[in-house]
Amino acid sequence: MVGLVVAVPSTLPGPLRSAIGLGPERIAEAPEVSGAGSFAYLVTQPGDPDQPVGYDPCRRIKLRVNLDKAPPNGLALVEQAMHEIEGLTGLRFEYEGTTTARPRWKSESVPRVLGRPRTTPALVSWATEDEVPELAGDVAGVGGSVAVAGEGGIARYVTGGVTLDAAVFADLDRTDEGREEALAIVLHEFGHLVGLGHVHDENELMNEDNVGRRDFGPGDRIGLAKVGSTSCA
């Protein structure tokens, strides 16, 4: 008796899919979002302002958290932000635990990475403006990622960072509604982490000023779906 084994392409491991010409498999699909709203990308593909730079949707975004100076609910805030971003982008995070690494920034949207960016997990941390000058003034957090050009000249994010103002979060921890506002700040910075820029629309959480919004608006959701829909490497 001869047995016939049929392999369904979507269930094949990534390396085997590539070997037989099917290419890598997307971990999850970005949701379909309708409607209208304002959104902007942090970085777009060279020569194409309509195509965002995003993380490879066929790979998990590795992430570590430094809880030094964090509020007691700091890790819970990060976990909820990861969960919400996953649902709105189709991207997936891989939490690798805590770390003692400290944040350094080239600018408000590009972290400074020591070592190899492609293998360095994204870092979420809390700091003061003395340590991270980008937090000076009314800035409650900074977020962004490092883009690297790959095959065909297509740029993709490979690692990133979110740094939150320790003093702001300490103050919020003392108020009744502080958790909701703290989560909104973390979500805003995670929006930057996966590729969204600021807008001037008060209906969107990615508005450049804090206008009291606590969740992602209609344009935010469209933008998040689009940065999660980039091609696999």
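Between the Asp165 side chain and the Val168 main chain, a donor and an acceptor come within less than 3.5 Å of each other. Without hydrogens or angle criteria, Asp48 side chain to Asp50 main chain gives a donor-acceptor distance under 3.5 Å. Side chain of Asp56 to main chain of Cys232: no donor-acceptor pair is present (N/O by atom type, distance under 3.5 Å, no hydrogens or angles). Listed for the Asp220 side chain is a donor-acceptor partner under 3.5 Å among the backbone atoms of Leu205. Looking at Arg213, its side chain does come within 3.5 Å of a backbone N or O of Asp215 through a donor-acceptor pair. Although no hydrogens or angles enter the test, the distance criterion places no donor-acceptor pair under 3.5 Å between the side chain of Glu94 and the main chain of Arg60. Between the side chain of Glu204 and the backbone N or O of Gly219 there is at least one donor-acceptor pair closer than 3.5 Å. In terms of modelled atom types and a separation under 3.5 Å, the side chain of Thr159 and the main chain of Thr120 share a donor-acceptor contact. One N or O on the side chain of Glu86 and one on the backbone of Phe93 form a donor-acceptor pair closer than 3.5 Å.
For the pair Phe39 and Val227, the minimum side-chain heavy-atom distance is 4.5 Å or more. At a threshold of 4.5 Å between non-hydrogen side-chain atoms, the residues Phe190 and Leu196 do not count as touching. Under the 4.5 Å side-chain criterion, counting only non-hydrogen atoms from C-beta, Pro117 is in contact with Val158. Residues His192 and Met206 form a side-chain contact, since some pair of their non-hydrogen atoms from C-beta on lies under 4.5 Å apart. Between Tyr41 and Val53, the closest side-chain pair of non-hydrogen atoms is not below 4.5 Å. Taking the side chain as every heavy atom from C-beta outward, Leu88 and Arg221 approach each other to under 4.5 Å. Residues Thr98 and Arg64 are not in side-chain contact: their nearest non-hydrogen atoms beyond the backbone lie 4.5 Å or more apart. By the 4.5 Å heavy-atom criterion applied to side chains, Thr128 and Lys69 are counted as neighbours.
Here the CG atom belonging to Leu224 is positioned 10.5 Å from the CD atom belonging to Glu84, to the nearest 0.5 angstrom. Once rounded to the nearest 0.5 Å, the distance linking CZ of Phe169 with CZ of Arg174 reads 13.5 Å. Atom CD1 of Ile61 sits about 11.0 Å away from atom OH of Tyr157, to the nearest 0.5 Å. Distance CZ/Arg118 to CZ/Arg59: 9.0 Å, rounded to 0.5 Å. Rounded to the nearest 0.5 angstrom, Leu172 CG and Glu177 CD are separated by 11.0 Å. A distance of 12.0 Å separates OG1 of Thr100 from CG of Leu67, quoted to the nearest 0.5 Å.
Sorted by first then second residue, the salt bridge (charged side-chain N to carboxylate O under 4.0 Å, His left out) pairs that include residues 131-147, not counting sequence neighbours, are Arg102-Glu131, Arg104-Glu131.
Judged purely by distance below 3.5 Å, without hydrogens or angles, the side chains of Arg156 and Gln45 never pair a donor atom with an acceptor atom. A donor-acceptor contact under 3.5 angstrom links the side chains of Asp201 and Asn203, judged on distance only. Side-chain contact, Asn66 with Ser125: no donor N or O sits under 3.5 Å from an acceptor N or O. Trp105 and Thr163 are linked by a side-chain donor-acceptor pair at a separation below 3.5 angstrom, with hydrogens and angles left out of the test.
For Glu180, the side chain to side chain donor-acceptor pair (under 3.5 Å) partners two or more places apart in sequence, or in a different chain, are Arg214.
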>> One pair to check against side-chain contact (heavy atoms from CB on, under 4.5 Å): Leu77 and Arg179. What are the steps and the verdict?
In response: CA-CA 8 Å; Leu77 292 171; Arg179 189 187 189 284; 4.0 Å; yes

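Leu75 and Leu187 end up in the same hydrophobic cluster when Ile, Leu, Val, Met, Phe, Trp and Tyr side chains are linked at under 4.5 Å. Residues Tyr95 and Leu123 do not share a hydrophobic cluster, clusters being chains of Ile/Leu/Val/Met/Phe/Trp/Tyr side chains in contact below 4.5 Å.
Across every non-hydrogen atom of Pro218 and Ala36, the tightest pair is CB-O, 3.4 Å.
Using cut-offs of 30° and 60° on the angle between ring planes, the pair His188 and His198 is tilted.
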Pairs of donor and acceptor atoms involving the side chains of residues 143-152, under 3.5 Å and at least two apart or interchain, shall be tabulated with distances.
unit_1 : atom_1 : unit_2 : atom_2 : d
Ser145 : OG     : Tyr55  : OH     : 2.6
Ser145 : OG     : Leu193 : O      : 2.6

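Annotation for Glu202: atom CD does not count as buried by contact number, only 12 or fewer foreign heavy atoms lying within 6.0 Å.
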